[in-house]
Amino acid sequence: MVSEGTEGRRTRTLRAELALKTLTTDLDSRERLRRVLEQALVFAGATFAGVYTSGEADLLCLVESVGVPRTLYGLRDGYPASGGAPVAEVRRAGHPVWLGPEELAVGGDSRRLPTGEFHLAALPVRGGGCLLAVSEHPAGFDSDDRACLTLIAEAVAIPVRDEAEAGEDLPAGSFDLAMDTGRVEVGGDILTLFGLGPDDFDGKVETLLGLTVPEDLPSLMSVVEADHMAIGDRELEFRVLQPSGPPKWLRLRGRLLPGGDGRPARLVGTVGDASQLRSGVNDVARVQRLAAALAMAGTVRDVSQAVVAALRKPLRADRIALAELEGDRLVVTVLDPPEPESWPELWRQEWRSEWPDAPVRTMPTLAAALREGRAAIWPAGTDLEPALAEVGPGGLAVLPLSAGGRVSGACLIGWDDPHVFGPDERALLTASAGLAGQALMRAHAFDAEHELVGMLQRQLLPRRLPKLPGGVAVARYLPTTAGLEVGGDWYDVIPLPDNHVALVIGDVQGHNAGAATLMGQMRTALRAYAVEGHPPDVVVSHANRLLIDLETDLFATCCYVDVDMEEGSAWYVRAGHLPPVLRHPDGSTEIPDLDGGPPLGVVTQADFPMSPLRLQPGTVIALTTDGLVESKEADIDEGLDRLAHGLAVSDPAHLGLVADALLGNARRDDDVALLLMRYDGLATRPRRENWTVWRVPEAARHARRFTKRTLRVWGVTVEVDTILLVVSELVTNALVHTDGPVRLDLTLVNHRFRVAVADSSPRTPVKPTSIGWEATGGRGILLVEAMSAAWGTVPVSGGKQVWAEIALDR
């Protein structure tokens with residue numbers, strides 16, 4: 001009884017044998033050799049396969065290879081037949097050699113090998129050559145892989161030497177170019193295409209290049225210069241000048257043959273008339289439209305959708321997919337049609353999120369096409385793995401999307417009915433793949449850099465907004481998608497003493513790193529000046545002087561609103577910025593039309609007038625930057641009217657939804673910042689009293705008596721002794737250690753009694769670390785800390801305020 005594993009190996013071996021037998025005999029010898037070697041990539045798990053055969057000067061030379069570049073494994077173009085290389089050993093011994101990383105590390109070529117581990121197989125082939133294969137699988141070539149490689153080695157037929165090399169005349173449309181000297185032998189038809197007679201040609205490739213259209217010369221030079229041409233096939237189209245009329249299109253198909261030590265490499269191939277194969281005006285227009293669409297595509301999804309729109313209908317394709325290559329997996333970005341039922345079963349099994357992704361190894365034919373980096377077209381009836389055959393049973397085109405020397409993705413186009421691929425259609429697919437590959441690379445860079453820009457911008461903005469007494473605030477920021485630079489828009493919500501809140505929004509000129517840096521500085525400065533207790537006009541004036549002192553070429557605009565959450569009033573200052581927009585509880589809106597000051601950083605001695613606002617519970621204050629209200633089609637006044645209308649029809653109960661709705665139609669060619677605050681009013685209004693402390697010998701006793709009287713009026717009967725002790729200590733410290741006026745503020749709210757003493761000294765009281773028995777002072781702050789639920793100090797108008805809160809029992 002045959003085990004399942006054995007049956008699976010037999011199945012793969014039989015598949016390899018069947019694939020080798022189906023290779024048609026009408027292929028030329030070199031193309032057939034290439035097809036045979038490709039089976040090593042598909043059935044034996046090889047990443048590289050090549051054939052070496054005897055050349056000149058006792059050398060074994062590489063005549064054909066497939067897979068990844070040989071240089072990744074330190075393999076040469078040629079090896080001495082009498083040397084110790086695996087190919088030479090196999091040629092002499094006539095039996096296979098299987099080498100693992102350990103054997104390769106001690107071999108003669110170990111210094112040429114890369115650091116990664118891989119396995120190498122060398123098998124003899126007919127004609128005295130050698131098949132060389134490389135596997136990166138950790139276990140190397142298993143028994144099944146070795147059986148497949150043996151079949152492939154038996155099927156290898158060394159191609160005969162080219163006619164030109166044998167000394168015979170070249171075919172009419174062929175050429176043979178020596179890469180070291182630039183001497184070229186050409187057939188008679190090629191001379192006719194270039195408009196030359198046999199006596200007019202001097203045998204130099206420069207003569208032929210001089211007859212081409214100058215715009216096409218760089219692409220030709222990339223072929224005829226040895227430093228730019230890699231071993232393998234190359235195909236391109238170019239134009240040659242005519243004595244009269246437009247230039248003629250020619251198509252070159254060439255292949256670089258490696259040279260051994262002392263032998264030059266040669267480029268052999270054909271040149272034919274491509275005038276009849278050129279795309280018509282419709283295909284040219286399609287390519288132009290695709291190029292225009294890709295030029296506007298900013299993201300990977302935009303690129304994919306542009307390719308689908310440009311190719312599916314003109315090609316009458318039944319399905320088209322674009323996928324990115326991430327490591328060893330293909331991750332689909334766009335499917336058309338998008339329904340899973342329209343795609344192969346294997347794809348549906350890998351449908352992990354919105355789009356499927358699948359390992360490339362499950363589609364070896366596709367993997368081979370991606371390694372080649374050239375468009376591959378399979379007509380109806382081609383034997384493909386199910387994951388590909390079901391994409392295009394009537395024909396399948398795979399376009400590797402390559403740019404910058406690497407393949408970044410693939411475009412798969414499939415037809416259900418048998419489809420005939422014409423020459424013009426092939427040209428359209430090739431051109432589209434090149435454009436899409438370049439656009440995809442740009443989109444990857446755009447996505448990565450735009451994400452970095454957004455992250456930097458978010459780090460410079462508040463991570464979260466504070467909870468407000470008697471109100472709710474939300475903010476939104478949208479970075480621009482028109483470029484990759486950092487913007488200068490910012491917002492801030494600053495809690496202040498006595499239930500005041502500062503709302504700030506601003507915009508620094510420009511979109512670059514300098515603007516973002518300055519934005520961070522201005523936000524920090526405004527917050528610092530606000531916390532010091534200055535009124536709005538002084539805060540903005542200080543920020544203006546700071547920006548001028550920074551000696552930057554940039555300026556900034558801002559709007560600063562100081563809201564008294566107890567009284568329902570506010571004062572705002574504008575520095576070249578948009579005014580606040582108010583939505584009243586009845587749904588009406590208001591845009592205050594009062595003068596403001598100039599932008600920050602423009603005028604040294606600028607005046608920034610304060611303007612009042614009256615708020616009722618339910619009023620919404622909206623602050624925004626010009627990116628939301630200004631556009632090429634409408635000025636700022638029209639944009640502010642739209643913003644006011646959007647506020648009027650919104651439901652202020654859900655402030656976050658209101659912000660999202662206002663940003664729904666925002667343009668993305670500029671940054672947008674939006675700050676909304678709904679004033680609800682305090683559920684419990686604080687009770688306040690204050691007392692100016694005179695500098696008299698009994699000042700502390702007067703302060704205690706005022707406090708005791710206030711407590712009696714407010715009905716406070718608990719913690720009275722604690723409160724009086726804290727008042728006595730704070731007032732005494734202010735009188736002893738400072739000069740100037742001293743003010744006592746008492747506040748009662750939510751069963752917490754707050755004592756605050758303000759003086760003119762900016763010096764913060766220091767808590768002593770240790771006090772001896774003989775010390776006569778220094779215990780005041782320790783007593784305040786022990787008797788209070790919390791205490792602290794804040795700067796106030798050049799001085800400070802020391803406060804303490806005492807929790808009252810209910």
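Side chains are part of it too, since the values below use all heavy atoms of this structure and drop only hydrogens, waters and symmetry mates.
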If you count the non-hydrogen atoms of other residues, nucleotides and ligands that lie under 6.0 Å from [atom1] in [X], is the total more than 12?
X: D593; atom1: CG; answer: no
X: R695; atom1: CZ; answer: yes
X: W694; atom1: CH2; answer: no
X: D549; atom1: CG; answer: yes
X: D586; atom1: CG; answer: yes
X: H737; atom1: NE2; answer: yes

Q. T747 and side-chain hydrogen bond (donor to acceptor under 3.5 Å, both in side chains): which partner among R688, R754, E689?
A. R688
Let me confirm one number: the [atom1]-[atom2] distance from [X] to [Y], rounded to the nearest 0.5 Å.
X: C558; Y: L547; atom1: SG; atom2: CG; result: 10.0 Å
X: T624; Y: L663; atom1: OG1; atom2: CG; result: 7.5 Å
X: I591; Y: L640; atom1: CD1; atom2: CG; result: 5.0 Å
X: T524; Y: L546; atom1: OG1; atom2: CG; result: 10.0 Å
X: M565; Y: M677; atom1: CE; atom2: CE; result: 4.5 Å
X: L675; Y: R476; atom1: CG; atom2: CZ; result: 11.0 Å

Q) For R527, which residues count as a side-chain contact (heavy atoms from CB on, under 4.5 Å) partner, sequence neighbours excluded? A) D492, I494, V531
**Q.** side-chain contact (heavy atoms from CB on, under 4.5 Å) partners of D745, counting only residues at least two apart
**A.** N690, R743, A756, Q801
Q.
Given V620, which partner from the list P580, P585, P652 fulfils the side-chain contact (heavy atoms from CB on, under 4.5 Å) test?
A. P652
Q) Short question: side chain of S588, backbone of H584 - any donor-acceptor pair under 3.5 Å? A) no
Q | Criterion side chain to side chain donor-acceptor pair (under 3.5 Å) on T625 and D507, from CA distance to verdict | A | CA-CA 7 Å; T625 55; D507 186 2; 5.5 Å; no
Find out whether [X] and [Y] are in side-chain contact, i.e. whether some heavy atom of one side chain is under 4.5 Å from a heavy atom of the other.
X: L628; Y: L643; answer: yes
X: H645; Y: R642; answer: no
X: W691; Y: T710; answer: no
X: T619; Y: L613; answer: no

For [X], what residues pass the ring pair (Phe, Tyr, Trp, His ring centres under 6.0 Å) criterion, not counting sequence neighbours?
X: W803; result: none
X: Y529; result: H542
X: F608; result: none

Q) Of all residues at least two apart in sequence or in a different chain, which pass the salt bridge (Lys or Arg N to Asp or Glu O under 4.0 Å) check with E567? A) R685
(Q) Restricting to non-hydrogen atoms, name the atom on I723 and the atom on F753 that form the minimum distance, rounded to 0.1 Å. (A) CG2-CE2, 3.5 Å
Q | Contact summary for K800 and P765, nearest pair of heavy atoms | A | CE-CD, 3.6 Å
Q: Begin with the C-alpha distance, continue with both residues' side-chain angles, and end with the deciding distance and a verdict on side chain to side chain donor-acceptor pair (under 3.5 Å) for H702 and R705.
A: CA-CA 5 Å; H702 293 322; R705 185 171 58 187; 3.0 Å; yes
